Amino acid sequence: FSVIADRLYYDYTSDKVQFRAGRQRINWGINTTWNPNDIFNSYNIYDFDYEEREGSDALRFKLFPNYYSSFDIAYKFTGDFNRDVFAAMYKFNKKDYDIQLLAGKIGEKIAVGGGWAGSIKLIGFKGEVTYFIPYTSQGNHNVSFSTALDYSWSNGSGLMATYLFNSSGGNDL
């Protein structure tokens, strides 16, 4: 007999506030394939052995000022401050586009980014960009940008094209 606890957390939710402490999935990415803004649970899309990411040991506070916006702040504990992730994100809607702005610390770098999701006529248009800045003299600056266009027909078929640019040319942040 064995038990595996994948998610264990405390959650408090009211009309305008949510607080969660414990193992949880924090997904800040917008795009379907490449997610520079998903700084809490980054992964390689070619690693398909585990369908759902295991989540993070984290504290998370969300504030919902109105129906069209939210403010999210989270801290992921790793046991090593140089690997911890701490960030804040503001989401809002402007002219039928969902917009997000984020800033924080990921490992030994500062991350500043944003993203959008909307459409151009009947074609979905999404994108996100994050600029990683080392806060010590070690390391390189890095920009990661992704965008996607998608279209769905009434019969359920769809087509998607996506693009990723990583200024470091590799997968290291």
Side-chain angles (χ1 to χ4, degrees), residues 18 20 23-48 50-78 83-135 139-152 158-173:
Q18 180 183 22
R20 184 176 282 184
R23 177 67 52 106
Q24 56 192 294
R25 175 76 165 105
I26 303 173
N27 180 1
W28 286 2
I30 293 175
N31 271 337
T32 307
T33 308
W34 311 108
N35 300 112
N37 291 351
D38 196 3
I39 61 177
F40 288 92
N41 290 288
S42 58
Y43 67 98
N44 181 342
I45 66 161
Y46 298 113
D47 177 15
F48 51 85
Y50 187 73
E51 293 179 17
E52 173 65 26
R53 300 296 127 202
E54 67 273 9
S56 304
D57 293 326
L59 295 174
R60 186 176 188 186
F61 176 78
K62 291 177 84 171
L63 175 66
F64 304 95
N66 58 49
Y67 183 74
Y68 299 103
S69 66
S70 67
F71 178 74
D72 195 346
I73 187 166
Y75 192 106
K76 173 183 173 180
F77 299 93
T78 65
R83 292 180 37 229
D84 286 356
V85 180
F86 174 78
M89 178 176 60
Y90 178 61
K91 288 175 144 178
F92 60 97
N93 185 280
K94 190 73 167 176
K95 297 187 179 187
D96 295 327
Y97 271 79
D98 293 327
I99 309 288
Q100 71 179 29
L101 303 171
L102 65 93
K105 170 201 168 303
I106 176 171
E108 296 182 351
K109 295 192 177 194
I110 302 298
V112 179
W116 71 89
S119 62
I120 301 170
K121 299 202 184 243
L122 299 175
I123 298 171
F125 180 46
K126 300 177 190 175
E128 47 190 280
V129 60
T130 306
Y131 182 41
F132 298 96
I133 308 154
Y135 61 82
N140 297 321
H141 292 243
N142 178 303
V143 174
S144 188
F145 168 77
S146 69
T147 189
L149 298 169
D150 61 74
Y151 183 80
S152 296
L159 181 65
M160 181 178 69
T162 186
Y163 173 79
L164 172 69
F165 170 78
N166 185 348
S167 67
S168 72
N171 60 4
D172 295 331
L173 297 177

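Since the model is a prediction, treat every value here as computed from it, not as a measurement.
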TODO: Return each pair, listed once, that meets salt bridge (charged side-chain N to carboxylate O under 4.0 Å, His left out) where at least one residue sits in residues 116-132; pairs must be two or more places apart or across chains.
DONE: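 Found none.
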Distance (rounded to the nearest 0.5 Å) between [X] [atom1] and [Y] [atom2]:
| X | Y | atom1 | atom2 | result |
| --- | --- | --- | --- | --- |
| Met160 | Ser152 | CE | OG | 10.5 Å |
| Leu149 | Ser119 | CG | OG | 11.0 Å |
| Tyr151 | Leu159 | OH | CG | 10.5 Å |
| Phe64 | Asn66 | CZ | CG | 11.0 Å |
| Asn93 | Ser70 | CG | OG | 11.5 Å |
| Leu63 | Gln18 | CG | CD | 11.5 Å |

TODO: Tell me whether the centres of the aromatic rings in Phe145 and Trp34 are closer together than 6.0 Å.
DONE: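 Distance test on ring centres: not under 6.0 Å, no.
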Open item on the list: Please confirm whether the ring centroid of His141 lies under 6.0 Å from the ring centroid of Phe132.
Closed with: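 So the answer is no for these two rings.
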Task: Flag, side chain of Thr130 to backbone of Pro36, donor-acceptor distance under 3.5 Å - done: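 Yes, the answer is positive, given that a donor and an acceptor are paired below the 3.5 Å cut-off.
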TODO: Using modelled atom types only, decide if a donor and an acceptor are shared between the side chain of Asp150 and the backbone of Phe125 within a distance under 3.5 Å.
DONE: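 No; judged by distance alone, with no hydrogens or angles, the pair does not exist.
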Looking at every heavy atom in both [X] and [Y], which two are closest together, and how far apart are they?
| X | Y | answer |
| --- | --- | --- |
| Asp38 | Asn27 | OD2-OD1, 3.5 Å |
| Ala58 | Phe77 | CA-CD1, 4.2 Å |
| Gly107 | Tyr135 | O-OH, 3.4 Å |
| Ile39 | Ala87 | CD1-CB, 3.6 Å |
| Gly114 | Asn37 | O-ND2, 3.0 Å |

For [X] and [Y], which I'm curious about, is there any donor-acceptor pair between the side chains at under 3.5 Å?
| X | Y | result |
| --- | --- | --- |
| Asp84 | Tyr75 | yes |
| Thr33 | Asn31 | no |
| Asn35 | Trp28 | no |

Contact between [X] and [Y] at the side-chain level, heavy atoms closer than 4.5 Å - yes or no?
| X | Y | answer |
| --- | --- | --- |
| Val129 | Val143 | yes |
| Ile110 | Tyr131 | no |
| Thr162 | Thr32 | no |
| Gln100 | Tyr90 | no |
| Trp116 | Thr147 | yes |
| Ile26 | Arg60 | yes |
| Ser144 | Leu164 | yes |

Open item on the list: Looking at Asp96, I'd like to know if its CG atom is crowded, meaning that more than 12 non-hydrogen atoms belonging to other residues, nucleotides or ligands lie closer than 6.0 Å.
Closed with: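 No, CG of Asp96 has 12 or fewer neighbouring heavy atoms, counting only those of other groups under 6.0 Å.
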Open item on the list: With a 6.0 Å cut-off (strictly less than), is the heavy-atom count around OH of Tyr68, excluding the residue itself, greater than 12?
Closed with: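 Check fails, neighbour count at 12 or below.
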- [ ] Among Lys76, Arg23, Gln24, find the one that has a side chain to side chain donor-acceptor pair (under 3.5 Å) with Asp57.
- [x]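 When Lys76, Arg23, Gln24 are each tested with Asp57, the side chain to side chain donor-acceptor pair (under 3.5 Å) holds only for Arg23.
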